Amino acid sequence: MRMPWMPLALNATPGSRTFSVPVGVRSFVPASSTVDERSLGQLQAFVSSAARLFVISGAGVSTESGIPDYRSEGVGLYARTDRRPMLHAEFVRSAKSRQRYWARNYLGWPQFSSHQPNSAHKALQRWEDKSKLHWLVTQNVDALHSKAGQKRLTELHGCTHRVMCLGCGTISPREALQRRFAALNPDWGAQAGAVAPDGDVFLEDEQVLHFRVPSCKNCGGILKPEVTFFGDTVNKATVQFAYDRLAESDAVLVTGSSLQVYSGYRFLLAASDRKIPVAILNIGPTRADHLAELKVSARCGEVLSIIQFL
C-alpha cells in the first residue's frame, strides 16, 4: 500500500534541529541543510508504521566515520581527484596492477581498519534489537555494520576485512595477510597520500616497484579482497537472498546511497513492482527519487539517531 507522503528535502526553517559534523570527518561529508521538524516527523511516521523494514545503506552512512566516498558532490573521490577505483579485469590480468593495489592497500589498512561505527550504524543496530529492522543490505565494504553488532545483514559487495583466493576459493582474514605483507617487505616503506574509499592510499607507481605480494598458502593462487570490484558482478546467490528478504518486508528505507550502481538500485525497482513503500535519506539526489514516497536530504547519523518508535 502506498503511503501518503510527498517527496521533500529538508530546509532550514523555524523549528529546525541543528547538528554539527565532527571536525575529523567534515572533509568527507557533503554540505546539507539542518533538519526541520516536519520532515523528521514524516520519516519517523514512515519508520514507525513499518513492521518489517528493509534497509539499504551506502557510503553516505560511513562518511561520518571518516571514510571518504566516490560520488558525493564536492567532497567525493571523483570530485577531488582524477583517481578511479581498481577494475576487476585489470586486477585479474595484471601482476603489476595487483602489486600496485596491494602496496597501496597495505599502507592504508591500519587507518582504514581502525574506523569505528558512528551514530547511524548504532541506530540501525538498535532497530534490529527492537525487531523493527527486518534486514539490512549494505553496499559498503568497511565492516562498520558488523562492528556495530548488526546480525541481520547482507554485505552486498563483500568486505575488505576478508581475502579470497581466486584459485581455490579459500577465505582468510585481512589481518593475517597484513602480517604476511610485513614479513615479506621488512625494509619497504613509502610516504602515503590520502586514503581512498576502499582503504588504499595514493602512491606513485615508482614507489611500489619493490613491493612483494604473497600468494595463497594452499594453492599458490592470486589473493584478492573479498569484494566486488568495479566491472565485476555481485554473486547471484547473494542477490537472490536479498530479494527474498525484500519480499518478506513491508517498507524500504535507503540510507546514504545515491543508488547510481545498479546492484543496489535493482532492489528499489523490485520494491516498486511489489508496491512496497520507499523512503530515502540521503544528501543530494538519487537514482530512485522518482520511486520514493518520502525524500529527506540530511546526514544519516543526525537523523537516524533521533528516530523514535513504539
Side-chain angles (χ1 to χ4, degrees), residues 28 59 62 65-70 77 80-117 138-147 155-235 238:
F28 303 133
S62 292
S65 288
I67 298 177
D69 68 358
Y70 286 108
L77 183 74
R80 293 183 289 110
T81 75
D82 59 1
R83 172 87 179 274
R84 293 298 180 264
M86 175 66 71
L87 298 176
H88 177 79
E90 179 185 2
F91 185 93
V92 171
R93 72 169 179 255
S94 169
K96 281 190 171 295
S97 293
R98 293 193 295 274
Q99 179 191 46
R100 182 175 66 250
Y101 175 86
W102 279 123
R104 292 171 171 179
N105 192 269
Y106 170 67
L107 280 186
W109 181 251
Q111 178 181 341
F112 184 79
S113 62
S114 69
H115 289 296
Q116 295 300 313
T138 185
Q139 300 171 98
N140 300 334
V141 298
D142 50 38
L144 293 186
H145 285 298
S146 294
K147 287 183 179 182
E155 293 169 320
L156 187 64
H157 297 153
C159 181
T160 56
H161 288 248
R162 299 186 295 269
V163 176
M164 70 177 297
C165 172
L166 296 181
C168 65
T170 298
I171 303 294
S172 57
R174 175 62 182 80
E175 282 294 344
L177 182 59
Q178 189 74 359
R179 293 190 291 270
R180 294 185 67 193
F181 280 135
L184 280 174
N185 300 278
D187 300 319
W188 183 84
Q191 185 65 38
V195 178
D198 292 334
D200 53 334
V201 297
F202 298 161
L203 294 175
E204 299 300 328
D205 287 349
E206 60 267 21
Q207 293 178 282
V208 309
L209 290 176
H210 303 293
F211 186 79
R212 299 177 64 192
V213 178
S215 301
C216 174
K217 285 184 175 181
N218 294 334
C219 73
I222 294 171
L223 296 177
K224 173 184 171 293
E226 204 252 308
V227 301
T228 303
F229 281 177
F230 283 78
D232 195 8
T233 56
V234 178
N235 180 277
T238 300

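Positions are given from 1, in the same order as the sequence printed here. This one's a predicted model, so the numbers in the text were calculated from it and none came from an experiment.
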[X] side chain to [Y] backbone, donor-acceptor under 3.5 Å:
{"X": "Lys96", "Y": "Leu209", "result": "no"}
{"X": "Gln116", "Y": "Ser114", "result": "yes"}
{"X": "Arg98", "Y": "Val92", "result": "yes"}
{"X": "Asn140", "Y": "Ala59", "result": "yes"}
{"X": "Asn235", "Y": "Thr238", "result": "yes"}

Does the side chain of [X] reach to within under 4.5 Å of the side chain of [Y], using non-hydrogen atoms?
{"X": "Lys217", "Y": "Ser172", "answer": "no"}
{"X": "Leu223", "Y": "Arg180", "answer": "yes"}
{"X": "Asp142", "Y": "His115", "answer": "no"}
{"X": "Trp102", "Y": "Leu107", "answer": "no"}
{"X": "Gln178", "Y": "Pro110", "answer": "yes"}
{"X": "Pro117", "Y": "Ser65", "answer": "no"}
{"X": "Gln99", "Y": "Arg212", "answer": "no"}

Please determine whether side chain to side chain contact (heavy atoms under 4.5 Å, CB included) holds for the pair Lys224 and Val163, giving the CA-CA distance in whole Å, both sets of side-chain angles, and the decisive distance to 0.1 Å.
CA-CA 6 Å; Lys224 173 184 171 293; Val163 176; over 6 Å; no
With a distance cut-off below 6.0 Å to the six-membered ring centre and an angular limit of 45° from the axis, does Arg174 pair with Trp109 as a cation-pi contact?
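That pair qualifies as a cation-pi contact.
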Value rounded to 0.5 Å, distance of [atom1] in [X] from [atom2] in [Y]:
{"X": "Asn105", "Y": "Arg100", "atom1": "CG", "atom2": "CZ", "value": "13.0 Å"}
{"X": "Phe181", "Y": "Tyr106", "atom1": "CZ", "atom2": "OH", "value": "9.0 Å"}
{"X": "Phe91", "Y": "Leu166", "atom1": "CZ", "atom2": "CG", "value": "6.5 Å"}
{"X": "Ser94", "Y": "Leu87", "atom1": "OG", "atom2": "CG", "value": "11.5 Å"}
{"X": "Gln139", "Y": "Ser62", "atom1": "CD", "atom2": "OG", "value": "11.0 Å"}
{"X": "Glu90", "Y": "Met86", "atom1": "CD", "atom2": "CE", "value": "4.5 Å"}

Considering all heavy atoms, the nearest Ser113-Glu175 contact:
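Reported closest heavy-atom pair: OG-OE2, 3.9 Å.
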For the residue pair Gly221 and Cys165, what are the closest heavy atoms and their distance?
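Closest approach of Gly221 to Cys165, heavy atoms only: CA-SG, 3.8 Å.
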Using the side chain to side chain contact (heavy atoms under 4.5 Å, CB included) rule, take Leu144 and Ile67 through it: C-alpha gap first, then chi angles, then the decisive distance, then the call.
CA-CA 10 Å; Leu144 293 186; Ile67 298 177; 3.9 Å; yes
Before you tell me yes or no, could you show the steps for His157 and Phe229 under side chain to side chain contact (heavy atoms under 4.5 Å, CB included), namely the whole-Å CA-CA distance, both residues' side-chain angles and the distance that decides it to 0.1 Å?
CA-CA 8 Å; His157 297 153; Phe229 281 177; over 6 Å; no
Strictly by modelled atom types, are Thr138 and Glu155 linked by a side-chain donor-acceptor pair under 3.5 Å?
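The criterion, which ignores hydrogens and geometry beyond distance, is not satisfied for Glu155 and Thr138.
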Please find out if less than 6.0 Å separates the ring center of Phe211 from that of Tyr101.
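Centroid distance Phe211-Tyr101: not below 6.0 Å, so no.
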